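All of these numbers come straight from a predicted model, not from anything done at the bench.
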Amino acid sequence: MEFKTDSQCSLLPWKRYIHLTLLMVQMNLPEVGSSCHILKCNSDFVAAKLDLGSSSSGGAVGEALPSREAVNAGYCSALRSYTLCTKRMARPCRGDLAYHAAVQGIEDLLIQHRCPRVGPTAQPRPLPQGTLSGNTCLYERSFFNRKGQMPEYLHCAIFGDPHIRTFNNEFQTCAVQGAWPVIDNEYLYVQATSSPAKEGLYPTILTKITIIFKNWRQCIDQQLYQAELDNVPAAFADGSVWSGERWGHRSLSVQTQNPGQHAEIWAAHIATLLVVRQNGGSLSLSVRSPRSVVEAFEPEHDLQLCVWGCPASQRVSMLRPPPPESVVSLASAHCGALLPTQDIYYKACVFDLITSGDLNSSLAAVRALQDARTMIPDREGLHLHPVTAAAQALPRLSLMLLLVLLGPLSQT
């Protein structure tokens with residue numbers, strides 16, 4: 001049986017930048033022709049924009065910041081380079097929606113920033129000299145060589161109704177609907193789409209997961225993975241199962257233990273593991289990533305479900321109206337047999353079973369715990385309890401990152 005809550009599921013507005021808009025259009029296409037490389041144009045523009053952000057934040061101590069005019073001139077150069085790239089793609093990308101969205105987006109930005117149509121273009125970002133080695137695209141090995149220890153790993157999971165275990169070990173049940181950013185840092189963009197299981201009623205379920213590995217020139221070109229309900233492919237969107245081969249190592253690879261229901265993606269260049277599953281009638285995602293990768297994002301990327309959790313207005317703390325005791329007892333007995341420890345996974349299992357009335361809904365919590373066992377080496381931190389989860393949370397961010405978030409933001 002099912003119960004309504006009085007929370008309203010509404011898609012809150014969130015910051016959208018032009019490069020993400022273009023990527024979203026690309027992600028919604030079923031397939032892109034092999035000769036149309038508009039994603040490469042998008043990646044080059046994003047890289048040029050990141051370079052501008054780095055220069056505008058200052059260099060060595062005592063070095064003067066570039067003027068606003070200089071930053072805007074650099075942005076216009078990046079836009080002109082973007083224009084040239086799209087012109088080269090005009091023929092192979094004819095009829096491609098992502099291509100035409102890029103062209104229109106560039107035109108709007110040129111007008112907005114009052115950029116001359118003729119002028120210098122952005123110079124290609126050179127590869128760092130003297131840093132290329134066999135370990136460059138192997139994060140763990142490179143980190144150990146530099147630090148003498150393995151990196152600190154953080155874990156995040158989103159599953160069920162949906163429930164979120166954040167990188168900071170906070171647990172939330174969210175009433176989010178629509179497409180929401182889960183992770184958005186310099187290396188990785190992950191988006192989850194949540195929809196109501198039945199029109200107008202709870203529960204909500206994950207129906208689509210999109211993962212973009214951003215272009216990192218030393219190791220990989222931009223790569224896209226996308227899973228939908230009843231279609232969890234063991235391959236990237238272009239059909240490949242690996243990419244970014246350097247010095248005999250592959251930076252990205254996909255494998256499966258259950259075709260169509262499970263995919264495991266390993267990104268060696270950022271030592272990040274992502275597991276996508278279909279559990280009954282919903283998708284789930286589990287992630288393990290080094291802290292330094294998780295925290296590598298710009299201050300404006302202030303909506304990431306795995307980092308901050310869902311907005312307070314979208315959190316569900318209890319069921320309303322309360323379900324009958326008999327229903328709670330049945331759900332508790334079923335979940336207790338599967339999950340003996342009364343932790344967040346047990347609580348999520350009971351919640352999902354009550355809201356959906358479907359015994360298969362318990363699979364989401366069971367498999368999320370299985371993934372957590374694999375991804376969390378500290379067994380004491382595996383079983384979070386709702387009352388004490390906040391007290392057990394890892395430090396949210398490094399002090400430096402907090403200062404960046406609280407300080408004034410440079411505008412390009």
Side-chain angles (χ1 to χ4, degrees), residues 23 27 39-40 43 46-47 50 125 127-157 167 182-191 209-227 232-259 262-277 284-297 304 306-307 370-378:
L23 292 176
M27 289 186 301
L39 277 178
K40 182 66 166 58
S43 296
V46 172
L50 288 175
R125 181 191 292 179
L127 288 174
Q129 297 300 312
T131 61
L132 296 179
S133 71
N135 294 334
T136 300
C137 299
L138 299 174
Y139 184 96
E140 289 180 327
R141 188 178 298 178
S142 177
F143 189 95
F144 186 84
N145 288 343
R146 289 183 289 109
K147 305 285 188 178
Q149 62 184 23
M150 295 299 286
E152 176 189 2
Y153 287 102
L154 305 181
H155 169 63
C156 174
F167 284 128
V182 177
I183 299 172
D184 187 4
N185 57 47
E186 291 183 7
Y187 310 98
L188 185 65
Y189 181 85
V190 181
Q191 176 181 278
I209 294 173
T210 301
I211 302 170
I212 299 174
F213 295 93
K214 298 180 182 180
N215 179 48
W216 200 39
R217 282 182 173 81
Q218 293 187 43
C219 299
I220 67 165
D221 291 326
Q222 185 166 280
Q223 187 60 276
L224 170 67
Y225 176 85
Q226 194 167 60
V232 181
F236 295 107
D238 61 5
S240 65
V241 295
W242 60 267
S243 66
E245 186 168 14
R246 304 287 188 277
W247 302 287
H249 302 290
R250 294 170 179 175
S251 294
L252 290 176
S253 60
V254 186
Q255 62 180 7
T256 183
Q257 299 171 0
N258 186 5
H262 166 270
E264 185 173 299
I265 307 171
W266 171 242
H269 67 295
I270 52 175
T272 295
L273 177 66
L274 303 99
V275 177
V276 180
R277 296 181 183 274
S284 68
L285 172 71
S286 295
V287 182
R288 188 194 71 170
S289 189
R291 176 181 286 277
S292 57
V293 172
V294 169
E295 295 183 350
F297 60 85
Q304 301 181 57
C306 268
V307 176
Q370 290 175 353
D371 289 337
R373 285 196 178 102
T374 302
M375 296 182 176
I376 300 176
D378 177 15

Give the intermediate values and the outcome of side-chain contact (heavy atoms from CB on, under 4.5 Å) for residues Leu274 and Val190. CA-CA 10 Å; Leu274 303 99; Val190 181; 4.1 Å; yes
Show the numbers, then the answer: is there a side-chain contact (heavy atoms from CB on, under 4.5 Å) between Phe213 and Thr272? CA-CA 11 Å; Phe213 295 93; Thr272 295; 5.8 Å; no
side-chain contact (heavy atoms from CB on, under 4.5 Å), that's the test. Do Ile211 and Val276 meet it? Break it down for me. CA-CA 10 Å; Ile211 302 170; Val276 180; 4.2 Å; yes
Please step through side-chain contact (heavy atoms from CB on, under 4.5 Å) for the pair Leu188 and Val293, ending with a clear verdict. CA-CA 9 Å; Leu188 185 65; Val293 172; 5.8 Å; no
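In terms of heavy atoms, Met150 sits closest to Phe144 at N-CD1, 4.1 Å. Nearest heavy-atom pair, Ser251 versus Cys137, reported as atom, atom and distance to 0.1 Å: OG-CB, 3.6 Å. A pairwise comparison of heavy atoms in Ile220 and Asn215 identifies O-OD1, 2.9 Å as the closest pair. In plain terms, the two heavy atoms of Cys306 and Ile183 that are nearest each other are CB-CG1, 3.9 Å. Between Ala157 and His155, the shortest heavy-atom distance links the atoms CB-NE2, 3.9 Å. Closest approach of Lys214 and Glu186 over heavy atoms only: CD-O, 3.4 Å.
Using a 3.5 Å distance cut-off with no hydrogens or angles, the side chains of Tyr189 and Gln222 do not pair a donor with an acceptor.
The CD atom of Gln304 lies 6.5 Å from the CG atom of Asn185; values are rounded to the nearest 0.5 Å. Annotation: the span from Ser253 atom OG to Glu245 atom CD amounts to 11.5 Å, rounded to 0.5 Å. To the nearest 0.5 angstrom, Cys156 atom SG is 10.0 Å from Met375 atom CE. Atom OH of Tyr139 and atom OG of Ser292 lie 2.0 Å apart (nearest 0.5 Å). Remark: Arg277 CZ to Gln370 CD distance equals 6.0 Å, nearest 0.5 Å.
The backbone N or O of Thr210 lies less than 3.5 Å from no partner atom in the side chain of Gln191, so there is not a single donor-acceptor pair. A donor-acceptor pair is defined here as one N or O able to donate and one able to accept, closer than 3.5 Å; such a pair exists between the side chain of Thr256 and the backbone of His262. Between the side chain of Tyr225 and the backbone N or O of Pro233, at least one donor-acceptor pair lies under 3.5 Å.
Put simply, the residue from Val241, Leu224, Leu252 that forms a side chain to side chain contact (heavy atoms under 4.5 Å, CB included) with Phe236 is Leu252.
Between Glu295 and Val307 there is no side-chain heavy-atom pair separated by less than 4.5 Å. Counting heavy atoms from C-beta on, the side chains of Tyr153 and Leu273 never come closer than 4.5 Å.
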